[in-house]
Amino acid sequence: MKRVLLSLVTFLGFFFPSQAQSLTTGEELLDNAFSLAVWTIDNNTHDGIIEAGAGYGGEWTRDCAINCWNAVSLFRPETALNSLWSVTVNKDHVGHQYWDKIIWVIGAWKHYLVTGDFVFLEDAYPCSKRTMRELEDYCYENYYQLFMGPAVYQDGIEAYDEPIYDKSKANQGSVLEHNYYSIKCLSTNCLYYECYKILAQMAQKFEKSKVDEYNQKAEKLRNRIREVFYRPEQHKLVYLIDQKGNIHDYQEGLGISFACMFGVLTEEEAADVLRNAHISQYGITAVYPSFPRNSRARPGRHNDMVWPHVNMFYADACARNGVTDRFWFEMRNLANLAINNGKNNFYEIYTIDGIPSGGYQCGHEWDTKDHQTWCATGYIRNFIDHIFGMDFQETGIQLAPMGMENGEKIELKGIKYRNMELSITIKGHGKRVVNCKINGKSSSPFIPASLSGKVKVEIQL
């Protein structure tokens, strides 16, 4: 009975949303998933904080940062502000699980670009700087010139093969109970690379003497990632180096996505890797292939399973690098998983057969988790960033939309940006803007942040 009531509330909630953002694409599946995603954000906001999901609280730095980066800073800026500070220690440094908490820097920078809140940035820069210095001291390994620690978000031991996985501790679910400390992972190092670049941009405003230092560290790390993880002749990136110095030649979905999004690879290299990535019937999986101890019947929780937020980063990487067929596959796939397979629910994880599941860890199958926020915000992200092509800058929004595949008219309404309420209409498909009008007047495809009130943008591709 509880599940029936929840489904009814969900149905009513996302078809009659509490706030006004709406999408019209001509594809009912995509539109319904978007409405569900907006509902999910509001359903998972409590006491002004965006929580990880209906089954989780707001204590996860990575979820908070990813959600703000994806969509929350645009759709719910006050919630984003509260949430970002909630995972810091008195605004001094970022807290919680150590290895990927630097992702907060990306969420903070995106929040500034979207909102223009310079007061926030004045506090976010020293917080980011102190956190990076702390992690350099604790996690940077001079021999490999890489950062140590588990892969981004992969805190469960089922993300790792032996010898990181210790069979004698099979009942311990956290990677921190196993042989984790000196491992070096693709996604984590790509994350640090991006954060160095962002710190250089922040330092340009507050501490120009640090700009070159951060840029040099970024370039040095990029070169090391390429040397250690990139296999151009095999069209791929490898996953990690274990504590014994062995390469684990697995496909890490988030790792290859970040490498291709952040510019670790060139556009040509990235397109090659993305096209050659293994994709299941229901999208890219967390880590492929399945470890020997796992199977299709008993899939490992962080192993060969579909985590939709990873799929949305993979879709993002595909859009940035011209692999549009895979972009659309992942977008429609997630909408289908949420609306049909999930019965109006962005579940945290699905099997490669499209079934909601918590996966196996510690010898048993874990519970499914309802309405996972980063799945919902990841779905919204790709409409904002790619289909509508909104590139947020300090002085406004540069528009470079891709539109729909079939060139049909699409419309995004109710977007509250700075002091305006935006509606954006796109007709056509492609990379070139033929015509742009803002409030009926011909314009370049740029929305100045100085505008206010209702702003209507019309673009012909």
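We count residues from 1, following the sequence as given. Both backbone and side-chain heavy atoms feed into the values below; hydrogens, waters and symmetry mates do not. For clarity, every value in this text was computed on a predicted model and none was experimentally measured.
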Practice item. Indicate yes or no: at least one non-hydrogen side-chain atom of Cys260 is less than 4.5 angstrom from one of Tyr314. Key: no

Check your understanding: Hey, what do you get for SG (Cys375) to CD (Glu348), rounding to the nearest 0.5 Å?
Key -> 7.0 Å

Review point. Are any of the side-chain heavy atoms of Tyr239 and Gln154 separated by less than 4.5 Å?
Key: yes

Revision key, fill the gap. With sequence neighbours left out, the residues meeting salt bridge (Lys or Arg N to Asp or Glu O under 4.0 Å) with Asp391 are none

Review point. Step by step, would you call Gln372 with Asn345 a side chain to side chain contact (heavy atoms under 4.5 Å, CB included)?
Key: CA-CA 8 Å; Gln372 195 72 1; Asn345 193 325; over 6 Å; no

Practice item. Mind checking the CD-OG1 spacing from Glu252 to Thr285? Nearest 0.5 Å is all I need. Key: 11.0 Å

Practice item. May I ask you to decide if Gly48's main-chain N or O and Thr45's side chain share a donor-acceptor pair within less than 3.5 Å? Key: no

Point to revise | Side chain proximity check, His371 to Tyr347, heavy atoms < 4.5 angstrom | key: no

Point to revise | Donor-acceptor contact present, side-chain Gln361 to main-chain Ile157, <3.5 Å | key: yes

Check your understanding: Is the closest basic N to carboxylate O distance between Arg222 and Glu194 below 4.0 Å?
Key -> no

Practice item. Check each of Trp104, Phe313, Trp109 against Trp69 using the ring-ring contact (aromatic ring centres under 6.0 Å, His included) test, and report the only one that passes. Key: Phe313

Point to revise | Heavy atoms from other residues, nucleotides or ligands near CG of Asn90 exceed 12 (cutoff 6.0 Å) | key: no

Review point. Between Leu337 and Asn333, does a side chain to side chain contact (heavy atoms under 4.5 Å, CB included) hold up when you go through it step by step?
Key: CA-CA 6 Å; Leu337 285 175; Asn333 175 65; 3.7 Å; yes

Review point. Do Glu267 and Arg320 have side chains that get closer than 4.5 Å, going by heavy atoms?
Key: no

Review point. Do Asn246 and Ile241 come close enough that some side-chain heavy atom pair is under 4.5 Å?
Key: no

**Study point:** Contact check, side chains of Ile102 and Cys195, non-hydrogen atoms, under 4.5 Å
**Key:** yes

Check your understanding: Looking only at side chains, do Ser182 and Gln243 share a donor and an acceptor under 3.5 Å apart?
Key -> no

Revision key, fill the gap. Hits for salt bridge (Lys or Arg N to Asp or Glu O under 4.0 Å) against Asp100, two or more places apart or cross-chain, chain-then-number order -> Arg62

Review point. What closest approach, in Å, do Val89 and Gly95 show between heavy atoms, and which atom pair accounts for it?
Key: CG2-CA, 4.4 Å

Point to revise | Donor-acceptor contact present, side-chain Thr368 to main-chain Gly358, <3.5 Å | key: no

Exercise for review: Look at the rings of Phe383 and Tyr379 and say which category their plane angle falls in: under 30° parallel, 30 to 60° tilted, over 60° perpendicular.
Suggested key: perpendicular

Review point. When you look at CG of Asp47, are more than 12 heavy atoms from neighbouring residues, nucleotides or ligands closer to it than 6.0 Å?
Key: no

Revision key, fill the gap. Per ring-ring contact (aromatic ring centres under 6.0 Å, His included), His302 is matched among Tyr360, Phe291, Trp307 by Trp307

Review point. Can Val72 and Thr377 be said to form a side chain to side chain contact (heavy atoms under 4.5 Å, CB included), step by step?
Key: CA-CA 7 Å; Val72 177; Thr377 60; 4.0 Å; yes

Review point. Is a donor on one side and an acceptor on the other found under 3.5 Å between the side chain of Glu330 and the backbone of Asn311?
Key: no

Exercise for review: Begin from the C-alpha positions of Glu365 and Arg301 and carry the test salt bridge (Lys or Arg N to Asp or Glu O under 4.0 Å) through to its verdict.
Suggested key: CA-CA 8 Å; Glu365 187 174 14; Arg301 178 171 170 80; over 6 Å; no

**Study point:** Arg296/Asp304 ion pair, N-O < 4.0 Å
**Key:** no

Practice item. Determine the minimum heavy-atom distance between Ile380 and Ala71, stating which atoms define it. Key: CG2-CB, 3.8 Å

Practice item. Please determine which of Asp155, Val87, Ile66 meets the side-chain contact (heavy atoms from CB on, under 4.5 Å) test together with Trp60. Key: Asp155

Review point. Do the numbers put Lys184 on top of the ring of Phe147, so that NZ or CZ is under 6.0 Å from the six-membered ring centre and no more than 45° off the axis?
Key: no

Check your understanding: Counting distance only, does the side-chain N/O of Thr324 pair as donor-acceptor with the main-chain N or O of Phe327 below 3.5 Å?
Key -> no

Practice item. Answer yes or no: is there a donor N or O on one side and an acceptor on the other, between the side chain of Ser83 and the main chain of Ile49, under 3.5 Å? Key: no

Check your understanding: Where is the tightest heavy-atom contact between Leu84 and Thr88, given as atom of each residue plus distance?
Key -> O-CG2, 3.5 Å

Point to revise | Backbone N/O of Glu122 and side chain of Lys205: donor-acceptor pair under 3.5 Å | key: no

Study note, to complete from the structure: Minimal heavy-atom distance between Pro77 and Leu74, with the atoms involved, is CD-O, 3.7 Å

Exercise for review: Determine the interplanar angle of the His309 and Tyr153 rings, folded into 0 to 90°, and report it as parallel if under 30°, tilted if 30 to 60°, perpendicular if over 60°.
Suggested key: perpendicular

Check your understanding: Does the pair Asp212/Lys217 count as a salt bridge with the N-to-O cut at 4.0 Å?
Key -> no

Exercise for review: Measure from the side-chain N and O atoms of Asp353 to the backbone N and O of Ile355, and report whether any donor-acceptor pair falls under 3.5 Å.
Suggested key: no

Review point. Got more than 12 heavy atoms from elsewhere within 6.0 Å of CZ, Phe118?
Key: yes

Could you list the donor-acceptor pairs under 3.5 angstrom formed by side chains in residues 277-284, with sequence neighbours left out?
unit_1: Ser280; atom_1: OG; unit_2: Tyr282; atom_2: N; d: 3.1
unit_1: Ser280; atom_1: OG; unit_2: Gly283; atom_2: N; d: 3.2
unit_1: Ser280; atom_1: OG; unit_2: Gly283; atom_2: O; d: 2.6

Check your understanding: So, Phe392 versus Tyr112, ring centres under 6.0 angstrom or not?
Key -> no

Check your understanding: Less than 4.0 Å between a side-chain N and a carboxylate O, is that true for Asp272 and Lys236?
Key -> no

Revision key, fill the gap. Residues Arg332 and Leu29: closest non-hydrogen pair is O-CD2, 4.1 Å

Point to revise | Check ion pair Glu219-Arg224 (N to O, under 4.0 angstrom) | key: no

Exercise for review: May I ask you to say whether Glu207 pairs ionically with Lys129, meaning some side-chain N is under 4.0 Å from a carboxylate O?
Suggested key: yes

Practice item. Under the side chain to side chain contact (heavy atoms under 4.5 Å, CB included) rule, what do Phe120 and Trp85 come out as? Steps first, then yes or no, please. Key: CA-CA 10 Å; Phe120 165 77; Trp85 286 132; 3.6 Å; yes

Check your understanding: Has the side chain of His178 got a donor or acceptor atom that lies under 3.5 Å from a matching backbone atom of Asp166?
Key -> yes

Point to revise | Cation-pi check, Arg293 onto Tyr165 ring (under 6.0 Å, within 45° of axis) | key: yes

**Study point:** Whether His248 and Tyr250 hold their rings parallel, tilted or perpendicular, with breakpoints at 30° and 60°
**Key:** tilted

Exercise for review: Evaluate the side-chain proximity of Tyr196 to Val105: yes if any heavy-atom separation is below 4.5 Å, no if none is.
Suggested key: no

Exercise for review: Give a yes or no on whether the backbone of Trp374 and the side-chain of Asn67 come within a donor-acceptor separation of less than 3.5 Å.
Suggested key: yes

**Study point:** Lys NZ or Arg CZ of Lys101 over Tyr98 ring: under 6.0 Å, within 45°
**Key:** no

Review point. Are any non-hydrogen side-chain atoms of Arg76 and Ile50 less than 4.5 angstrom apart?
Key: no

Review point. With no hydrogens and no angle check, do the side chains of Thr373 and Glu51 hold a donor and an acceptor under 3.5 Å apart?
Key: no

Review point. Taking atom types as modelled, is there a side-chain donor on Thr61 or His96 under 3.5 Å from an acceptor on the other?
Key: no

Check your understanding: Which heavy atom of Tyr193 sits nearest a heavy atom of Leu221, and at what distance?
Key -> N-CD2, 3.5 Å

